Amino acid sequence: MRRASLVVPLAVALALALVACGATGERATDAARDRDPRPNIVFVLADDLGWGELGCYGQELIPTPNVDRLAAHGMRFTQHYAGSAVCAPSRCVLLTGLHTGHAYVRNNTETGGMRFGPDAPEGQTPLPAGTWTIARELRDAGYRTGFVGKWGLGGPEDSGHPLEQGFDRFYGILCQRKAHGYYPTHLWSDREKELLAGNDYLAEHQRIDAPLATEAEYFERFCGTTYAPDRLIEEAVRFVEDSADRPFFLEYASPIPHVALQVPPTELDAFPREWDGEAMGGGPYLGDAGYVPQPRPRAAYAAMIARLDRDVGLLLDALERAGVLDDTLFVFSSDNGATFNGGTDAAFFDSVGGLRGLKGSLFEGGVRVPFVVSLPGRVARGSVSDFPSGFQDFAATALDLAGLPPREGLDGVSLVPVFEGRGAPVRTEPLYFELGNQQAVRVGRFKAVRRRLGKGDLTIELFDLEADPDEERDVAGEHPDVVRRMAETLAHARVPSAVFPSAALDR
């Protein structure tokens with residue numbers, strides 16, 4: 001992986017920001033010491049961040065000192081899986097504790113298809129009314145619950161709205177399409193639209209036939225005034241500040257680094273101009289693969305991730321000021337693997353750390369994600385876990401930490417024993433995935449993948465992840481007994497879905 005010395009000044013600046021936040025500082029007040037002993041929970045969910053795009057996972061081009069410091073003070077998981085390889089189902093798994101063989105939302109869909117324009121309806125397939133979510137359970141147990149960022153599990157007037165699914169406070173983007181640009185006309189504050197100053201409607205997907213004369217022209221045409229992530233992190237920090245008198249659960253679902261490649265232009269120069277020069281195979285992105293043009297796409301992508309890392313520092317700072325940092329489980333992860341479109345360059349950044357596949361694929365690069373946790377006194381500093389885990393484990397883990405009884409029927413296990421170094425929990429449900437024409441399951445060292453279900457092809461490719469973590473060699477022919485067991489597991493791990501049917505699997 002290539003190292004870029006020109007990013008060091010930014011890394012130093014961001015590192016100083018974390019030092020200021022005092023990631024292991026003392027609790028600030030006597031009130032903090034006397035508060036409810038149940039830990040707060042802050043879950044930072046990146047959008048399309050690849051497994052290899054953090055320094056603590058091997059990234060050398062993009063500085064991420066805040067997340068790296070979080071890992072140094074907590075635990076880094078090396079075999080953690082998102083709920084799916086795309087946004088909405090992954091987020092459903094996280095909140096419901098059900099993998100995509102049982103979850104209600106199993107793909108990115110919406111009634112009437114994907115529509116764009118200033119008056120297009122907002123929202124994807126909504127969670128049904130009464131859906132059990134970890135947010136609802138924690139709220140009922142006395143936690144204050146907040147969701148800030150990109151939702152994608154319902155629209156403004158249906159059962160999937162965050163306020164209908166267990167959250168006391170919502171601020172952000174309901175519809176995934178509205179998150180295709182970082183200068184939207186509005187964000188939602190609970191059920192009200194908040195107009196963003198200086199942002200006129202900007203078509204989410206545009207293409208130009210030739211590079212523009214100057215960089216300034218790109219920013220004039222394809223940027224607005226108010227950068228939505230600025231407002232999102234402000235509201236997340238405010239939620240922490242307003243909630244510190246009782247246990248709280250905050251999910252901060254940043255839209256970064258999902259394309260479009262948009263970031264305030266002043267942040268681009270923290271990264272080498274040479275990255276996007278002809279000598280390194282770079283150049284302006286003209287919109288050919290969707291979203292909006294960008295004069296320096298590699299620099300913009302790196303700047304977005306650096307900004308996300310800065311936001312982690314701001315949240316840690318808010319927890320420290322409130323005197324609750326040592327009382328908080330802080331989690332950082334991503335909803336799926338790195339993307340392939342919108343001008344991104346996963347090969348340049350080694351975004352999936354050599355794994356096979358990107359977003360949308362059930363190979364490791366599409367579903368294995370960073371997972372970093374910190375909880376002083378219960379998570380050993382600088383520890384690393386190889387325990388295979390996934391988003392379906394979060395609900396069981398949160399119940400355990402909150403002192404609530406386990407919920408029957410969840411597909412995950414509590415990771416608290418892993419956090420505390422007490423050994424690995426026994427998994428009764430496999431790490432299972434389905435997405436469109438693909439199906440996969442991991443059991444122990446083996447992973448089975450089907451990827452041509454649309455053609456009725458139930459052929460299983462089998463990979464030994466211990467010997468071949470990059471899934472380069474199909475060993476199905478060498479292990480017919482394992483293939484047979486995997487076929488049985490794939491059949492038993494799912495129930496048919498009327499909303500997301502599979503002709504090949506619902507026979």
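A quick note: this is a predicted structure, and the numbers were derived from the prediction, not measured. Along the sequence shown, residues carry numbers from 1.
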Trainee: Is the centre of the F394 ring less than 6.0 Å from the centre of the F43 ring?
Mentor: yes
Trainee: Treating T100 as the side-chain partner and E434 as the backbone partner, does any N or O pair qualify as donor plus acceptor under 3.5 Å?
Mentor: yes
Trainee: Check whether the side chains of W188 and E122 place a donor and an acceptor atom closer than 3.5 Å, and report yes or no.
Mentor: yes
Trainee: Restricting to non-hydrogen atoms, name the atom on N66 and the atom on R310 that form the minimum distance, rounded to 0.1 Å.
Mentor: ND2-CA, 3.7 Å
Trainee: If every non-hydrogen atom of A338 is compared with every non-hydrogen atom of E53, which pair is closest and at what distance?
Mentor: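 Smallest heavy-atom distance, with atoms named: CB-OE2, 4.0 Å.
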Trainee: Is it the case that E137 and Y143 place a side-chain donor and acceptor less than 3.5 Å from each other?
Mentor: no
Trainee: Hey, are R191 and E164 close enough for a salt bridge, meaning a charged N less than 4.0 Å from a carboxylate O?
Mentor: yes
Trainee: What is the ring orientation for F463 with F363, classed by angle as parallel under 30°, tilted 30 to 60°, or perpendicular over 60°?
Mentor: perpendicular
Trainee: Return the orientation label for the H102 and H99 ring planes: parallel under 30°, perpendicular over 60°, tilted otherwise.
Mentor: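 Rings of H102 and H99: parallel, as their planes differ by under 30°.
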Trainee: Can you say whether the rings of F170 and H161 are parallel (under 30°), tilted (30 to 60°) or perpendicular (over 60°)?
Mentor: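 The rings of F170 and H161 stand perpendicular, inter-plane angle above 60°.
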Trainee: Between T328 and N40, do the side chains contain an N or O donor and an N or O acceptor separated by less than 3.5 Å?
Mentor: yes
Trainee: Using only heavy-atom distances, determine whether the side chains of H80 and S389 contain a donor-acceptor pair under 3.5 Å.
Mentor: yes
Trainee: Look at the aromatic rings of F371 and F77 and report parallel, tilted or perpendicular, splitting at 30° and 60°.
Mentor: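 Answer is perpendicular, since the angle exceeds 60°.
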Trainee: If you draw the axis of the six-membered ring of F147, does the NZ or CZ of R169 fall within 45° of it and under 6.0 Å from the ring centre?
Mentor: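 No cation-pi geometry.
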Trainee: Q79 and R442: side-chain donor and acceptor closer than 3.5 Å?
Mentor: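 The answer is yes; a qualifying pair exists.
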Trainee: Would S414 and D400 count as having a side-chain donor-acceptor pair, cut-off 3.5 Å?
Mentor: yes
Trainee: So, are E488 and R485 salt-bridged, with charged N and O less than 4.0 Å apart?
Mentor: no
